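See structure below.
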Number of protein chains: 2
Amino acid sequence: MVQRGSYAKGIAKREEILATALEVIAREGYRGASVKELSDAVGLSPAGVLHYFDSKDELFTEILRKRDDLDAETFHAESDTDLFQLFLQVIRHNAEVPGLVELYTRLNAEASSPGHPAHRFFAERRAYMHTLFSGIFEEGKRAGRYPESLDSYSLGIILTALADGLQTLWLQDPTIDMAAEIERLLTSLGIFSHERSTSA
Amino acid sequence: MVQRGSYAKGIAKREEILATALEVIAREGYRGASVKELSDAVGLSPAGVLHYFDSKDELFTEILRKRDDLDAETFHAESDTDLFQLFLQVIRHNAEVPGLVELYTRLNAEASSPGHPAHRFFAERRAYMHTLFSGIFEEGKRAGRYPESLDSYSLGIILTALADGLQTLWLQDPTIDMAAEIERLLTSLGIFSHERSTSA
DNA sequence: GTCTATACTCTGATAGAC
DNA sequence: GTCTATCAGAGTATAGAC
């Protein structure tokens, strides 16, 4: 794989592979998705697909990256958007695409080694979520809307961990309402008032 | 695999396999542990080991079950033990055995299908944790020690999900202090007072 | 550069000999 | 109860066609 994606056609093909793979997993579920299955869906041989990606794990990582990009377009912040509500919207949307949730959860569990293709992705995602939550929380504290009981750093870690853990639980027991649980915790912490919170 | 474990020797051998496998993963880490590697450690062929277990996933599930049994022996409740503190002790102990944490986290992510050998294990574990937390919390509420702000059902789900999610995060970033984060949340919720909480 | 065909390696798993 | 032999399937590396 030399000069991957240097040509217009190559770039387009790479995007097409990602879009197709994302769509297949979102529609059909994860079910041990293999390179073979995904390459069939695009009309290429497995090696043909791996011409654009270093490995299966890198392909899967890029699928998740694309998912995040699409979500960011769909759920973008307006000037008056409550960012916690936006976060809850994404969580609610997740319940519609169990295949992607499983892909995310599995890769998350496998990416602990720094050498894993998804390690950087999850590190960046963690940093982003952390900055986001800390920012919202610090601002709310300054405005006197949020309580001083919890520091922003911990809140960032806790919400990130909770979101990940709820997805693992929900995959095993879909009766769990991920967004509602997060909402209840935020309410208990005094971050949501009952008026501002809207149930799904 | 007929009549697995019906004979005394068979039962002993099965236990020996589990004990050795547990010890190897605890000491060496997970590193993509294979049946081959574990069977070598016991001095058997892969097929020899799979005589005692239906599959690799069943073997791994039983390793986790044995881990829980050993933990229950080590961290057992005395009459005056704070069960939340006991929970935190187990979490702190987890940080000493990353290999087992990774085995747990990976299997947890793979066990979503009801047909998976670990599905029942995690369902039972979830139910146990849930009953435990709800019980502690209800009791504390009745005694007036805990606030009414959060219902027991949600607290059970949230703490279980948080524990799982923190392990995933910690595997990727070991600077995270899992027990301390849970402690901070419990403190913010008014469940821990500062006097009763003891930092690790 | 793009892609197929082929082959290699490693896995977990199974059948049957001992 | 445990082995050897074997299998099916995975991911991946290479050679070379176009």
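Throughout, protein chains are lettered first and strands after them, A, B, ... in sequence-line order, and every chain is numbered starting at 1. The structure displayed is predicted, hence computed values, not measured ones.
Between the side chains of B:T105 and B:N108, no donor-acceptor pair is found at a separation under 3.5 Å. Side chains of B:Y104 and B:N94: no donor on one and acceptor on the other come within 3.5 Å.
Sorted by residue number, the members of residues 18-35 of chain B with any non-hydrogen atom under 4.0 Å from DNA chain C read B:S34, B:V35.
Using a 4.5 Å cut-off on side-chain heavy atoms (C-beta onward), A:Y52 and A:E58 make no contact. The closest side-chain heavy-atom distance from B:H130 to B:Y153 is below 4.5 Å.
In this structure, the NZ atom of A:K56 is 17 Å from the C1' atom of D:dA13, given to the nearest Å. Protein atom CD of A:E37 is 13 Å distant from nucleotide atom C1' of D:dA10, rounded to whole Å. Distance, A:D57 CG to D:dG11 P: 9 Å, rounded to whole Å. The interatomic distance linking A:L59 (CG) with D:dG11 (P) rounds to 10 Å, in whole Å. The CG atom of A:L50 sits 17 Å away from the P atom of C:dG1 (whole-angstrom rounding). For the pair A:D54 CG and D:dT12 P, the computed distance is 10 Å after rounding to whole Å. Nucleotide C:dG12 holds its P atom 13 Å from the NE2 atom of B:H116, rounded to whole Å. The CZ-P distance, from B:F60 to C:dT11, rounds to 12 Å in whole Å.
Not a single donor-acceptor pair under 3.5 Å links the side chain of B:E183 to the backbone N or O of B:M178.
Residues passing the salt bridge (charged side-chain N to carboxylate O under 4.0 Å, His left out) test with B:D57: none are found, sequence neighbours excluded. Applying the side-chain hydrogen bond (donor to acceptor under 3.5 Å, both in side chains) test to A:K141 and every residue at least two apart in sequence or in another chain returns nothing. Scanning for side-chain hydrogen bond (donor to acceptor under 3.5 Å, both in side chains) contacts around B:E37 gives B:R31, with sequence neighbours left out. Residues meeting the salt bridge (charged side-chain N to carboxylate O under 4.0 Å, His left out) test with A:K66, sequence neighbours left out: A:E15.
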Could you list all N or O pairs between the protein and nucleotides 3-6 of chain C that sit under 3.5 Å apart?
{"from": "C:dC3", "atom 1": "OP2", "to": "A:Y52", "atom 2": "OH", "distance (Å)": "2.2"}
{"from": "C:dT4", "atom 1": "OP2", "to": "A:S45", "atom 2": "N", "distance (Å)": "2.9"}
{"from": "C:dT4", "atom 1": "OP2", "to": "A:S45", "atom 2": "OG", "distance (Å)": "3.0"}

